[in-house]
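Report on one structure; see the data block that follows.
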Amino acid sequence: MADPIVYVEQRIAAAFAKVGGAAAVGVDTAVRASDRADAQVNGSLALAKAMGLTPREVATKVLEVAEIKDICSDAQVAGPGFINLTFNNQFLARELMSSSASDKLGVRDATKPRKIVIDYSAPNVAKEMHVGHLRSTVIGDALVRMLMFVGNTVVRENHVGDWGTPFGMLIEHLVDSGETHAANELSVGDLDSFYRSARKKFDESEPFQARARARVVLLQSGDKETLRLWKLLVAESTRYFQMIYRTLGVLLEGTDIMGESAYNALLPQVVERLGKLKMLTTSDGAEVVFAEGFVNRENQPLPLIIRKTDGGYNYATSDLACVIDRVERLNADLLLYVVGAPQSQHLQMVAAVAKQAGWLQAPREMVHVSFGNVLGADKKMLKTRSGDTVKLDALLTEAVERAAAAVSEKNPELSDAAKADIARIVGLGAVKYADLSTDRIKDYTFDWDRMLSFDGNTAPYLQYAHARICSIFRRANIERASVRNFSPTISHAAERDLAMRVLQFDSALWDTIDKYSPHRLCTYLYDLAASFSSFYEQCPVLKAETETERDSRLMLCDLTARVMQTGLGVLGIEAPEQM
RNA sequence: GCGCUCGUAGCUCAACGGAUAGAGCAUUUGACUUCGGAUCAAAGGGUUGGGGGUUCAAGUCCCUCCGAGCGCGCCA
């Protein structure tokens with residue numbers, strides 16, 4: 001355990017228990033970072049009333065019995081009854097060494113590792129990936145990486161939209177355009193034009209509509225030739241998706257695809273099992289479940305439609321099948337859905353029904369990791385100038401191009417290969433970081449200039465801090481690993497500030513995981529980079545006054561760089577050694 | 001009509017219910033013979049949409065009003 005705040009927390013809690021006895025049960029004795037000292041404790045204010053004392057009296061008593069003299073150089077009662085703690089530098093140095101010696105840099109493993117299924121990305125076959133998929137993909141990828149980092153078993157599932165009524169129309173269009181031509185069109189990623197052409201025909205031609213409907217029936221009844229054509233569509237699209245994922249540098253692989261069609265065999269079972277549980281009701285010819293607490297616009301109970309009037313299934317059925325599959329086949333105890341906010345009610349209903357049916361019993365849980373829209377400068381959904389949705393691959397290409405221009409300008413002496421590689425890392429990092437660094441629940445405004453800026457809370461600023469550290473070692477020709485056992489001494493204020501920051505990696509990452517909110521880790525890494533930049537200005541490393549100081553600072557630099565690289569790493573962002 | 005989410009500095013965003021609401025951009029002012037200036041140091045800028053309430057303590061929780069976005073039966 002490296003984070004001093006986590007470390008001292010137990011001792012403070014013990015002191016509160018000793019002072020408050022029964023009254024202290026349930027009182028929040030958490031220790032938090034503070035700008036007035038290293039850490040602050042607020043529990044006395046909550047406890048005072050129950051004990052009939054003033055908060056300051058409680059705080060004083062807590063400090064009398066708290067066993068913190070070995071780790072705190074100062075502990076004071078302040079203001080209305082806060083306790084301010086200052087850690088002693090020997091303690092910090094010891095924790096730095098402990099952090100440096102661990103390959104997880106002081107981050108605690110999950111006390112009870114879970115099996116987690118995470119549903120994210122979910123593009124549609126024969127439809128272009130756009131910025132909405134970017135959010136799901138990037139947030140999902142970051143969560144996958146950090147959940148694995150702390151020791152959970154994570155199953156990635158890409159719930160591709162590969163089934164349903166649109167496929168009648170798509171297959172008929174495929175037949176019309178000829179397989180070779182269609183495959184060419186799809187393989188170069190021109191998915192939207194294929195979809196649009198099909199849609200246009202469907203809207204304009206009644207005979208085509210009839211063919212499309214008939215084709216849906218053939219598809220669902222398992223007609224061989226229809227399935228072959230369907231598979232062609234799916235294969236071309238997923239090949240394209242994988243290409244985007246590789247470009248984007250996310251962990252999703254072809255084997256992670258669990259499309260809607262994968263649950264087809266389970267759909268009749270969903271109906272059957274709900275029927276046996278007496279949960280199904282026939283309403284307007286459809287088989288539905290009325291989940292408690294959901295009403296429609298007439299204030300009537302709102303149904304979850306399990307089987308349509310025409311006998312077909314829809315997405316609610318398929319989502320319930322997913323829950324069954326994830327719980328019963330995969331034995332998952334946490335189901336994460338990285339899906340946009342508009343689906344909130346739908347997912348709540350699915351969860352409610354799954355619980356009622358007994359398929360999702362505590363402590364198993366289903367969590368909607370919801371996110372807002374990507375907006376353009378006009379505050380509306382991001383669109384191209386012509387009003388189309390922004391294609392993901394075009395957006396990524398532009399990011400790398402813009403980064404390349406910046407790299408060439410700042411660092412013209414680099415080789416072309418190095419420039420290209422750095423441009424890729426910086427450009428993609430900027431796009432991902434822009435997405436991850438704001439609270440996912442809110443909409444965010446997409447702005448090239450801001451995300452690629454080297455000032456402020458951006459990927460390039462963090463990457464630059466990392467590159468600068470690498471540069472120190474490169475210049476002095478010192479092996480990074482060779483300084484890791486050095487014993488640090490903290491003397492300068494900026495040095496101490498950086499040390500404190502480095503040690504908070506553990507709690508920052510856990511805070512992020514607990515809330516499924518990557519922006520919290522981003523904020524931490526930004527603060528870390530800022531602390532380093534300030535340290536860098538004020539504390540010479542290679543030209544330190546003594547060898548001890550130099551070694552100490554080298555050790556701190558290496559640790560900072562490792563935290564930065566690892567932190568960016570679990571966000572799915574690379575940290576180049578030079579840029 | 002009902003429901004969900006959001007509203008914080010001119011702009012873009014932070015802030016487990018904790019003290020004096022913090023950053024970046026923009027504006028103003030400093031710092032390059034010193035490890036990468038893609039940087040650092042500093043200043044000004046706020047009735048946290050309005051009004052009630054709960055609490056020792058509210059941007060945060062509850063109620064209400066205003067504004068924005070999104071949902072609300074056979075598309076996914």
Side-chain angles (χ1 to χ4, degrees), chain A residues 28 30 32 34-36 40-42 44-46 48-49 54-55 78-82 84 122 124 159 161 163-166 260 283-288 293-300 302-310 312-316 318-319 340-346 348 370 372-373 375 379-381 406-407 409-411 426 437-439 441-445 447 449-450 452-458 460-461 463-465 467-476 511 514-515 519-520 522-523 526-527 530 533-534 536-544 553 557 578-579:
Chain A
D28 178 16
R32 299 186 175 91
S34 164
D35 48 1
R36 308 197 168 221
Q40 138 186 162
V41 189
N42 315 314
S44 335
L45 289 98
K49 209 176 203 179
T54 68
F82 296 103
N84 286 341
N124 292 308
H159 198 62
W163 201 254
T165 45
E260 287 163 2
S283 171
D284 295 344
E287 305 258 29
V288 309
F294 297 94
V295 293
N296 67 12
R297 63 186 82 203
E298 278 81 40
N299 224 22
Q300 304 292 316
L302 180 66
L304 192 65
I305 293 171
I306 304 300
R307 193 163 198 191
K308 300 186 287 189
T309 307
D310 66 4
Y313 307 101
N314 73 352
Y315 68 125
S318 151
D319 282 341
Q343 300 230 39
S344 164
Q345 189 184 44
H346 166 70
Q348 276 176 38
S370 158
N373 295 320
L375 305 180
K379 295 282 158 203
K380 300 204 171 135
M381 298 275 283
V407 173
E409 184 198 326
K410 304 289 183 189
N411 244 335
V426 171
S437 61
T438 62
D439 192 353
I441 204 74
K442 299 181 185 175
D443 295 346
Y444 85 93
T445 310
D447 182 331
D449 291 335
R450 197 166 53 246
L452 281 162
S453 161
F454 310 112
D455 292 306
N457 191 8
T458 65
Y461 179 77
Q463 289 168 326
Y464 179 59
R468 271 174 141 185
I469 297 175
C470 294
S471 168
I472 293 173
F473 285 88
R474 195 167 48 239
R475 168 174 283 261
D511 187 34
D514 288 341
K515 298 186 170 55
H519 83 281
R520 290 181 171 263
C522 293
T523 303
Y526 173 59
D527 288 340
S533 297
S534 182
Y536 184 85
E537 293 287 326
Q538 298 173 59
C539 303
V541 177
L542 299 177
K543 289 171 186 164
R553 288 178 178 171
C557 283
Q578 50 184 330
M579 57 189 282

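In what follows, chains carry the letters A, B, and so on, assigned in the order in which the sequence lines appear, proteins first and then strands, with residues in each chain numbered from 1. Atoms considered below: every heavy atom in the structure, side chains included; atoms not considered: hydrogens, waters and symmetry mates.
The side chain of Thr445(A) contributes no N or O atom lying less than 4.0 Å from OP1 or OP2 of rC11(B). Distances shorter than 4.0 Å separate some side-chain N or O of Arg475(A) from OP1 or OP2 on rG36(B). An OP1 or OP2 oxygen of rG7(B) is reached within less than 4.0 angstrom by a side-chain nitrogen or oxygen of Lys442(A). Distances shorter than 4.0 Å separate none of the side-chain N or O atoms of Arg474(A) from OP1 or OP2 on rG36(B). Residue His346(A) places none of its side-chain N or O atoms closer than 4.0 Å to OP1 or OP2 of rC4(B). Contact check, Lys49(A) against rC56(B): a side-chain N or O comes under 4.0 Å of OP1 or OP2. Put simply, Ser344(A) has no side-chain N or O that comes within less than 4.0 Å of OP1 or OP2 on rC4(B).
Using a 4.0 Å heavy-atom criterion, one finds that Asp449(A) contacts no nucleic acid atom at all. At a threshold of 4.0 angstrom between heavy atoms, the contacts of Ala78(A) include nucleobase atoms, whether or not backbone atoms are also involved. Across all strands shown, Ala286(A) has heavy atoms under 4.0 Å from base atoms, whether or not it also approaches the sugar-phosphate.
With hydrogens and angles ignored, a donor-acceptor pair under 3.5 angstrom links the side chain of Ser283(A) to the base of rG73(B). Within 3.5 Å, a donor on the side chain of Thr309(A) pairs with an acceptor on the base of rC74(B), or the reverse.
Taking the side chain as every heavy atom from C-beta outward, Pro55(A) and Lys49(A) never approach each other to under 4.5 Å.
Comparing the same atom, P, in rU60(B) and in rA15(B) gives a spacing of 14 Å after rounding to whole Å. Look at the P atom in both rU64(B) and rA9(B): the space between them is 26 Å, to the nearest Å. On the C1' atoms, rG44(B) is 16 Å away from rG22(B), given to the nearest whole Å. Look at the P atom in both rC61(B) and rU8(B): the space between them is 15 Å, to the nearest Å. Look at the P atom in both rA26(B) and rC62(B): the space between them is 38 Å, to the nearest Å. Comparing rA14(B) with rA21(B), their C1' atoms sit 10 Å apart, to the nearest whole Å. To the nearest whole angstrom, the two P atoms, one in rC56(B) and one in rG69(B), are 40 Å apart. Rounded to a whole angstrom, the distance from the C1' atom of rG17(B) to that of rU54(B) is 12 Å.
Residues Asn314(A) and Ile305(A) share a closest heavy-atom pair of OD1-O, 2.8 Å.
Atom CG of Leu375(A) is separated from atom C1' of rU12(B) by 12 Å (rounded to the nearest Å). One can place OH of Tyr464(A) at 17 Å from C1' of rG24(B), the figure rounded to the nearest angstrom.
The backbone N or O of Ala544(A) lies less than 3.5 Å from no partner atom in the side chain of Arg553(A), so there is not a single donor-acceptor pair. In this structure, the side chain of Ser453(A) does not engage the main chain of Asp449(A) through any donor-acceptor pair within 3.5 Å.
Of the residues Lys380(A), Lys442(A), Met381(A), the one that meets the side-chain contact (heavy atoms from CB on, under 4.5 Å) test with Asn373(A) is Met381(A).
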> Based on Watson-Crick and G-U pairs with both distances under 3.5 Å, what dot-bracket line describes RNA chain B 5' to 3', crossing pairs as [ ] and inter-strand pairs as |?
Replying inline: (((((((..((((....[...)))).(((((.......))))).....(((((..]....))))))))))))....
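Using modelled atom types and a 3.5 Å distance limit, the side chains of Ser533(A) and Glu537(A) yield no donor-acceptor pair.
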Protein-nucleotides 21-23 of chain B N/O pairs closer than 3.5 Å?
{"unit_1": "rA23(B)", "atom_1": "O2'", "unit_2": "Tyr526(A)", "atom_2": "OH", "d": "3.0"}

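Comparing Glu537(A) and Val541(A) by the nucleotide of RNA chain B whose heavy atom lies nearest to each, the residue mapping closer to the 5' end is Val541(A).
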